[in-house]
*Asks:* 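The structure's right below; bear with me while I get my questions together.
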Amino acid sequence: MRNLKSVHRSLLASPPGLRITASTWDVASNSVICAFGPTRDNALLELKRWRKHHKVLEPIAAWDAPCPLPDLECDELLNLHYFSDSSTICLVLAGGDLIVVREEPQSGEEKIEIVGSVDAGISGAAWSPDEELLAITTRASTLLYMTRDFENVTDITLTLDDLKASNHVSVGWGKKETQFKGKKARALRDPTVPETVDEGLLNDRDAKETTISWRGDGAYLAINSIESDSRRVVRVFSRQGILDSVSEPVDGLVGALSWRPAGNLLAGIQRFNDGVKVVFFERNGLRHGQFDLRLSEVESSTWASHISLNWNIDSSVLAVRYNDRVQLWTMGNYHYYLKQEVFLYSEENCTQPVSLNWHPEKPLHLTLHGQETIQRATYASIVTISPTSPPNDYGVVGVVDGKRLKLTAMRLANVPPPMALHEIETSSSIIDVAITIRLNPRPRAVIGVLHHQGYCQFEWSLKSMVQNPPVCRSTNVFWPTDTDTITRRDRLYLQTCFSGNASLLFSKCIDNSLFTIIGEDGGHLGQIFLDETDIEGMIKNSWNSKSKTYVVLDHNGKSNSEELDARVRGFNVVGMAGIELALSPFSLSWVDATVCGFEIEHAVNDLANGTETPATKDVVFSLVENGSLFANERRLARNCTSFLVTPAHLIFTTSQHLLKFVHLTRDSEGESPLIQFSSSTLIKLPIDLEIPPDTPESDERCRSIERGARLVTVMPSIFALVLQMPRGNLETIYPRALVLAGIRDSINKRDYKKAFLACRNQRVDMNILHDHAPLQFVASVALFIDQIKKVEHIDLFLSQLREEDVSKSMYKETLPRGTSSMNSPNVENSRNGTSKVNRICEAFVDALRNRTSTHFQNVITAHVCKAPPDLDAGLIQIAGLRSQDSDLVDAAIEHICFLADVNRLYDNALGLYDLELALLVAQQSQKDPKEYLPFLRNLQGMPMLRRQYSIDNHLGRFRKALRHLCDLSAFDEVKEYTKKHGLYPEALDFYRYQEDKLKEMMRLYADFLLQNGKFKEAGVAYEYLNDYSPASEAFRQAHLWKESLSCATLIPLPQPQLRSLAQTLADTLSESKDFFSAAIIHLDYLADVPNAARIFCKGYFFADALRTVGLHQRSDLLESVIDTGLVDGMASMTELLADCKSQLNAQIPRLRDLRTKKAEDPLAFFDGDVNGGADIPDNVSLATTDASTMGGTLLTRYTNRTGTVGTNATRRTSKNRRREERKRARGKKGSVYEEEYLVNSVGRLIERINTVNEEVDRLVVGLMRRGMRERAGAVENAIVEVVELCKGCVDEVFKGDVKEAVEQKEGEEGEGRLKGGGGVLWDTLEGDKRREAPVVRIFDRLSLLGR
């Protein structure tokens, strides 16, 4: 689908008296080395250099080159090659001389040197692609290999015996004696068998030349020569000089030969009396396809009498050289297209094919010359398409094929190439094509075709169902016949484009460039000449506010850009057909480019006052030869292969086989990047371009495509994008980014029908219809219903609603940066607890309230689709229609049974106490009528309250059933029902105003609570009933000593029993370490001061102990109880702190050592050293351990970070999980759980130290009060030392890897917890990341003890 467009053309005439005989490329300087002479009249041989943009040739060397062979009129230059690395030129002459010209000779070297000579003469020569071998065929039928230093390494004689190298067997197919000539013989003939077999007969026009061609990798070369004056033979030799194969006989094969650099085919020419074909050979010599050059018999005998072939460096273009022109052919989908026909500029009459040299590194750069002029040309492989901006995006594609233009409107019919929807034929080969779309008065494509004889404009209607072929509306003839293009050509036409309603033609000659204006009716409107070669061509315009055509400068560094700018402005003043030329703002060797106009924003006040007018700023997107994609001079990508632009996106493909979408939106911060257009101009891009990353799996702006696929056209109106595969076949895709852009645009325009159909056809989540503009949608529900109309479509939308905001989750990446969903209230709604689904369903119910006759089904759907489904509301709506329309009720019942579980609907209908509605629902279910009919009849015969009780009891709505029982005044039945279903709180609520029944229910509830171990609540209930004896017992069992003793005194309980109860409670509290409460009981209820003081001391409440002793004037207890308690407390606390210190000193170094080992060798840390330190090769399989069977690498078998975990079934069993949990709890030394165990142990220790902090403080104060200063200081120093150790180890023990935690958070969505034993270790690793460091409480030292 691609055409070759001329993007550079330079012309130069040879100096007077000199004839160009050869040329070659200097890759280093991108210049051309030209050779002049020798000729029959002059033996002088001159070498000159032609630099780009220069009009004068630079001389290199000149010398006389007389021919040493008497049978040649003059010597002939067979091969000219330039070595850029050594600045050396090598010439191979037919007379046998090998000459080297050094541009920068070293001392002792000659500038011009004959380095070798072949006495017999040379018939052909070619350097290998790596410039290391020179292959030479002599006039004595020998093949020579020479090195770079011209040392002969191989000398091979070409003999008749070489034909035996390939045994092409003929079994006589095609001969008359082997043909079956019976009835229906033609129908029975095998089509794979040729009718005739070639014998290799020579053509009468064979020039008897020898041709050499190397394969692209330099491993093989092919030689096309005549063997024994009887047939043409193509021999294939290896680089070592070994004959590999010989071609099969081909009649009419001539001397042209070119090996495709890709290596798969050799191209040759086969002549017949009625035509000429390009034939292909495989390396083994067998034929492999062909194509016709489409030449008439007259053409074959005139300008096509001698033909040669040349492949370009990337094998994409085959150049067929004739006497006065060159044809460039490309192949796609096994069809060969004639893309360009390039004529010589001069009026010379050549008898040999035009000389052509492809650039060795740049695929579409070439030079071609005759004897008088030389051209330097650059082509770009681009797709000729119509505009991509809606509504003009019909996807019209024009494919050039010689005189035919193949047209296909992709929006109407995706016709695979080489076929086309319609074809246009011109009188000569097509040069360039431009396509535009015009909508008034009807949609039509206007096609401008520039060919060698003139310019034609065609019009193609795109509206009619039956596509009519394009019609020619105007024709401009440059020359009347093709012959005149040879004899009278003074200008080369190169490009055409549309600018407004006119056509702009660009042409060149040696002295100037010319723009010609052709009107819509074909009339000539004007022209402008620009001297020299400052203009390269034009850039197609995609869309803009003004009709503007950009001119691409040659940028040679010497052109007077100010003068050129003035000429362009002068041309614009003329204002012909409203055309405006503009200079390109950048200097790049572009391959393809598009101009897009973007509106420039102004202040509202300025627009209102008239000080500013709305304007546009143009951005030129261009693709350069090296794959760089630019927006003006800002580089967007370095690996682009093709691109397209729509009003919403820049779309391009990359060499990594990715398709990317760049949103064309304004900079969200109001600042655009500065772009330097020239030395004096700074312009800002009016758009913000964010290139998506190479993540097709997570970003919908990027998607994978087939290897080598390139863009053809895009049609945003139908969300379609057409790609062409490397073979040539087409593929139409609907990228999600393009689809969403169209959906959002339709929503913004309130065209909900188009947006809905796009979602439905492209399988886009329909929640976007609401989420993109929530407030607008809720306000436009009635409009949505009016546009959609179909009940089924509205049901489809309602059924797909869910709470997720897809504009912020699923389709977030496709939104332009800096923009968000319009007026989105979803965040506030989520905070307020408002359901998005319910809000939308309620809006539909309100909008459809008066449309029940047509949209009653949608009302039911809206109720059912709520979260949770409001089935009762839907059933009530149906029940309300029973008296109006029975048919509608039946349909509604059937629909609601389809939407929801019919069994659940039956229960809801019963819950409405509507037996008739329940019967209708039951009839739609699979229930047995023998079951539900008797049940419904039984309910029908009950009183209303009893019926409601029975229904609620049947449905399990026990609270409502209890309410109905209460209304029936069946108290005994209520008590039994309450006890059966545990409805005590409900029963208490129902009888809250009936004191007798309330107390009876309260006693039942108290007994229930006591039986179920809820002693506190049972005690409160009994005390509420003034039943203190069971209340006291309940409180005792709840360990509520205050409440128990209080109730015991209210019984009143006898004193011995009261003391027994108090003693029991005190003992229980002492066992539970509640020493303070136990001491209070001993003091208040048992009057036991010594035991009370002793228990206070056990709990380190020394101040309370001293207060009690003083209050009761028991000073004798100070030494016997208080001092003893202080000494015991000091001993136990010192021992505890010493244990804590020793634990820290042991566990911290061990933990540090474990983490060092994990960092050095994670695999050995997590799974053990499987090879025991031995040097075992990686490919040796060890025992079937976890390391060899679980799969994955490094930590994956435990963390599941990459890949999938091995399916080791034994690790997934519950038994293994329990075993791993026991291992984790033990934290055995050397296991993977030891680190977690140590960290948890240190954490528990810190918590224990924080707990005893207050106890130590009370202990130190008590010791000081009793005069034990040394002991107090010892305890204080011990606690301070342990606290400092804890503070010092917190950061080390509980440190967290921030980077790992961030990566884990990013990968949470795609990962899951392992099962079995692996899940236990998973919990361990995840717990390490989530664990927070504890806070160490500071111990406040007593100032009386010093520091």
*Asks:* Testing H8, H365, R9, K5 one by one against Y379 for a side chain to side chain donor-acceptor pair (under 3.5 Å), which residue passes?
*Replies:* R9
*Asks:* Please assess H335 against D401 for the test side chain to side chain donor-acceptor pair (under 3.5 Å), listing each intermediate value before the final yes or no.
*Replies:* CA-CA 10 Å; H335 175 79; D401 189 8; 3.0 Å; yes
*Asks:* Rounded to the nearest 0.5 Å, how far apart are CD of Q495 and OG of S6?
*Replies:* 6.0 Å
*Asks:* Hey, is CG on D204 packed in by over 12 heavy atoms from elsewhere, all under 6.0 Å?
*Replies:* no
*Asks:* Pairs under 3.5 angstrom only: tabulate donor-acceptor contacts from the side chains of residues 97-105 to other protein residues two or more places apart or in another chain.
*Replies:*
| from | atom 1 | to | atom 2 | distance (Å) |
| --- | --- | --- | --- | --- |
| D97 | OD1 | S117 | OG | 3.3 |
| R102 | NH1 | E110 | O | 2.8 |
| R102 | NH1 | E113 | OE1 | 2.9 |
| R102 | NH2 | E113 | OE1 | 2.9 |
| E103 | OE1 | R49 | NH2 | 2.6 |
| E103 | OE1 | Y82 | OH | 2.5 |
| E103 | OE2 | R49 | NH2 | 2.7 |

*Asks:* Using modelled atom types only, decide if a donor and an acceptor are shared between the side chain of S305 and the backbone of S301 within a distance under 3.5 Å.
*Replies:* no
*Asks:* Establish, yes or no, whether a centroid distance under 6.0 Å links the rings of Y322 and W303.
*Replies:* yes
*Asks:* With rounding to the nearest 0.5 angstrom, report the CD to CG distance, E361 to D314.
*Replies:* 13.0 Å
*Asks:* Going by an N to O cut-off under 4.0 Å, is there a salt bridge joining R51 and E58?
*Replies:* yes
*Asks:* Show me the pairs that pass side-chain hydrogen bond (donor to acceptor under 3.5 Å, both in side chains) and involve residues 35-44, at least two apart or across chains.
*Replies:* R40-E73
*Asks:* Strictly by modelled atom types, are D130 and S128 linked by a side-chain donor-acceptor pair under 3.5 Å?
*Replies:* yes
*Asks:* With distance as the sole test, does T24 use its side chain to make a donor-acceptor pair with the main-chain N or O of H81 at under 3.5 Å?
*Replies:* no
*Asks:* Decide salt bridge (Lys or Arg N to Asp or Glu O under 4.0 Å) for D217 and R215; before the verdict, give the C-alpha distance in whole Å, the side-chain angles of both, and the deciding distance to 0.1 Å.
*Replies:* CA-CA 6 Å; D217 59 358; R215 201 171 75 172; 2.7 Å; yes
*Asks:* In Å, rounded to the nearest 0.5 Å, how long is the span from CD of Q352 to OG of S308?
*Replies:* 8.0 Å
